[in-house]
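Here is the structure we will look at, set down as structure tokens.
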Amino acid sequence: YGMGAYRIIFDRMKEDEQQLLMGKYLMDLSDAELAQTLGCKASSIRMRLTRARRTFIKKLQDGGDDNA
């Protein structure tokens, strides 16, 4: 996959998943900062990140097909 394919898959994710992944891996925000941004508890950030990563990987494996 090229970077364009990753971007297409990323753009098809839910906005909160995008914010989580960008905040954690591009902006290096702490769990507390992510929680404040998303309006949730800091203790839930780790699980939400895990789910967002899994969603991205599944979409990647499915070729970006939201219906797969």
Side-chain angles (χ1 to χ4, degrees):
Y1 290 102
M3 288 304 293
Y6 292 126
R7 180 60 193 221
I8 290 168
I9 292 168
F10 184 80
D11 286 344
R12 291 182 179 165
M13 295 179 70
K14 295 177 185 175
E15 186 176 341
D16 64 327
E17 293 172 330
Q18 291 177 5
Q19 287 179 329
L20 272 167
L21 295 175
M22 285 187 356
K24 185 68 173 181
Y25 300 112
L26 297 178
M27 300 169 61
D28 200 29
L29 297 178
S30 69
D31 290 356
E33 291 168 319
L34 286 168
Q36 184 177 18
T37 298
L38 295 169
C40 64
K41 294 181 181 180
S43 59
S44 70
I45 291 297
R46 290 271 182 227
M47 181 51 68
R48 291 179 72 168
L49 275 167
T50 297
R51 289 181 183 143
R53 285 190 301 265
R54 286 180 184 161
T55 297
F56 182 84
I57 291 167
K58 177 151 180 36
K59 287 181 181 291
L60 187 63
Q61 291 171 339
D62 293 341
D65 184 5
D66 290 328
N67 297 318

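Heavy atoms only: backbone and side chains are in, while hydrogens, waters and symmetry mates are out.
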With distance as the sole test, does Q36 use its side chain to make a donor-acceptor pair with the main-chain N or O of E33 at under 3.5 Å?
no
Between K58 and D62, is there a salt bridge with N-O shorter than 4.0 Å?
yes
Residues A35 and K41: closest non-hydrogen pair is CB-C, 3.7 Å
How long is the gap from CD on Q61 to CD1 on I9, to the nearest 0.5 Å?
10.0 Å
If you look at every heavy atom in A32 and A42, which pair is closest and at what distance?
CA-CB, 4.1 Å
Distance check, rounded to the nearest 0.5 Å: D16 atom CG versus L34 atom CG?
11.5 Å
Do M22 and I8 share a hydrophobic cluster (ILVMFWY, side-chain heavy atoms under 4.5 Å, transitive)?
no
Would you say L26 and I45 are hydrophobically clustered, going by side-chain heavy atoms of ILVMFWY under 4.5 Å?
yes
Any side-chain heavy-atom pair of D31 and K24 under 4.5 Å:
yes
Interatomic distance, CE@M47 vs SG@C40, rounded to 0.5 Å, equals 13.0 Å
Evaluate the criterion side chain to side chain contact (heavy atoms under 4.5 Å, CB included) for residue pair L20 and R53; output intermediate values, then yes/no.
CA-CA 9 Å; L20 272 167; R53 285 190 301 265; over 6 Å; no
Can you check whether L38's main-chain N or O pairs, donor with acceptor, with Q19's side chain at less than 3.5 Å?
no
Can Y6 be reached from I57 by stepping across I, L, V, M, F, W or Y side chains whose heavy atoms are under 4.5 Å apart?
no
For the pair Q18 (side chain) and F10 (backbone), establish whether a donor and an acceptor sit closer than 3.5 Å, ignoring hydrogens and angles.
yes
